[in-house]
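A quick write-up on the structure given underneath.
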Amino acid sequence: MTARILDGNALAQRLRADFKTRAEALAARGTRPGLAVILVGEDPASQVYVRNKVNACAQAGFHSAKISYPPDVEPRVVFDKLAELNADPAIHGILVQLPLPKHFDSDAVLKAIAPAKDVDGFHAENIGALMQGHPRFIPCTPYGVMQFFADAGIDPRGKEAVILGRSNIVGKPMAMLLLQASATVTICHSQTRDLAFHTRRADILVAALGKARFVTADMVKPGAVVIDVGINRLPDGKLCGDVDFAGVSEVASAITPVPGGVGPMTITMLLANTLEAAEREVR
Ligand code: NDP
């Protein structure tokens, strides 16, 4: 079997065209969706992510504000800025690029974002709403994964879904969404015994562990849908996922590539959340 490639660039492009139209409709009513991104420090990867987010906003016709601070900034300065942005009517979404420097309490920073503007969906109130089954904002990466299923006509109902990784930003919300879509969900992590036993049962396998080419063909059930969230940099500088794409695409029925799979969908769903926040406001 050669797997169908789930093309994140193509899907992202289609969704973003729709967002642009919706943003224009809002603008015609006097509201331009606005996203504020706070970056603390000089981490090169974070700088690239923030630049990509700001560019994506511009292409979709959104307003964006990038606020950068040096790595040794006083946390109080960032909290004051968050309070200002929470009250700013031109800003519908606020995002603090993680990770923050060690002298910051990240949980306290995320809590300081108004839940109605928390477009990353990391505020405890929004995580709680997701758990209860009526999410206000869905964390962008798992939200993007669900778009692949919807677009490709893959219904998780009744399927065995296995997730590798239990982080707050990917693994746990992914599990919640698949559960709400009526899959039977297993979450694996570094302490899981006999990981391959679980992965071989999976009709839907989501790899989010951050280990290059960890999932090999012998760990995958023939015909499974394999979603590769991982982004790993190889010694030669190239990017690869957590899945051995060449081998697994001979076994799976559908697979996301890296790059060009989940990555472009994450920023796309950030736009979706910002747009939804702006639309809610004018409703
Ligand atoms: P974390 O490091 O926060 O979490 C990794 C998870 O994988 C942990 O739960 C850990 O278990 C588990 N894990 C690590 N090693 C193993 C192992 N050998 N066997 C089983 N489980 C293991 O990572 P994130 O969730 O933030 O990110 C995961 C990957 O996804 C990374 O490569 C990241 O770059 C990528 N990513 C991609 C995005 C995109 O847009 N495509 C967005 C966000 C992340 P334990 O909890 O026990 O330590």
Min side-chain heavy-atom separation C188-V162 under 4.5 Å: yes
Close side-chain approach of M265 and L11, heavy atoms under 4.5 Å: yes
Transitive ILVMFWY side-chain link M219 to V258, under 4.5 Å: no
Pairwise side-chain contact, T199 with V215, heavy-atom cut-off 4.5 Å (strictly under): no
Smallest separation among heavy atoms of D151 and R14, with atom names: OD1-NH1, 2.9 Å
In one Ile/Leu/Val/Met/Phe/Trp/Tyr side-chain cluster, 4.5 Å: I231, I227: no
Spacing of L275 atom CG and M269 atom CE [to the nearest 0.5 Å]: 10.0 Å
Salt bridge (Lys or Arg N to Asp or Glu O under 4.0 Å) partners of residues 228-249, not counting sequence neighbours, each pair once: none
Spatial distance of atom NZ (K111) from atom CD (E125) [nearest 0.5 Å]: 11.5 Å
Sub-4.5 Å side-chain heavy-atom contact between V248 and L205: no
Exam field: side chain S46 to backbone E42, donor-acceptor pair closer than 3.5 Å: no
Heavy-atom closest pair, residues C140 and V119: SG-O, 3.7 Å
Nearest heavy atoms of I169 and P142, plus distance in Å: O-CD, 3.5 Å
ILVMFWY network linking V50 to I38, side-chain heavy atoms under 4.5 angstrom: no
Intermediate values then yes/no, side-chain contact (heavy atoms from CB on, under 4.5 Å), L35 and F62: CA-CA 7 Å; L35 175 72; F62 293 15; 5.6 Å; no
Heavy-atom closest contact (R16 atom, P264 atom, distance): NH2-O, 3.3 Å
Salt bridge (Lys or Arg N to Asp or Glu O under 4.0 Å) contacts touching residues 189-217 (sequence neighbours left out): E160-R201, D203-K221
same_hphob_cluster(I5, L15) at 4.5 Å side-chain heavy-atom cutoff: no
Main-chain N/O of I113 paired with D118 side-chain donor or acceptor, under 3.5 Å: no
Main-chain N/O of L130 paired to Q180 side chain as donor or acceptor, under 3.5 Å: yes
H103 side-chain N/O to V73 backbone N/O, donor-acceptor pair under 3.5 Å: yes
Minimum-distance pair of heavy atoms, taken over all atoms of A181 and D155: O-OD1, 4.4 Å
Test item: H63 side-chain N/O and P33 main-chain N/O as donor-acceptor pair under 3.5 Å: no
Close side-chain approach of Y49 and L95, heavy atoms under 4.5 Å: no
Backbone N/O of L85 and side chain of K117: donor-acceptor pair under 3.5 Å: yes
Test: D18 and R22 ion pair at under 4.0 Å: yes
Face-on cation placement of R4 at F148 ring, 6.0 Å and 45° thresholds: no
side-chain contact (heavy atoms from CB on, under 4.5 Å) between F137 and D120, worked out: CA-CA 7 Å; F137 294 114; D120 257 343; over 6 Å; no
4.5 Å side-chain heavy-atom contact, T268 and F19: yes
Side-chain (R280) to main-chain (A116) donor-acceptor, under 3.5 angstrom: no
Stepwise side-chain contact (heavy atoms from CB on, under 4.5 Å) check, T192 with T186: CA-CA 11 Å; T192 299; T186 304; over 6 Å; no
Single-linkage hydrophobic cluster, 4.5 Å side-chain cutoff, L177 and V262 together: yes
For the student: nearest non-hydrogen atoms of A90 and D88, plus distance: N-OD1, 2.9 Å
Over 12 non-hydrogen atoms of neighbours within 6.0 angstrom of CD in Q13: no
Test item: K53 and L271 side chains (from C-beta on) under 4.5 Å apart, heavy atoms: no
Full working for side-chain contact (heavy atoms from CB on, under 4.5 Å) between F122 and N168: CA-CA 8 Å; F122 296 161; N168 288 335; over 6 Å; no
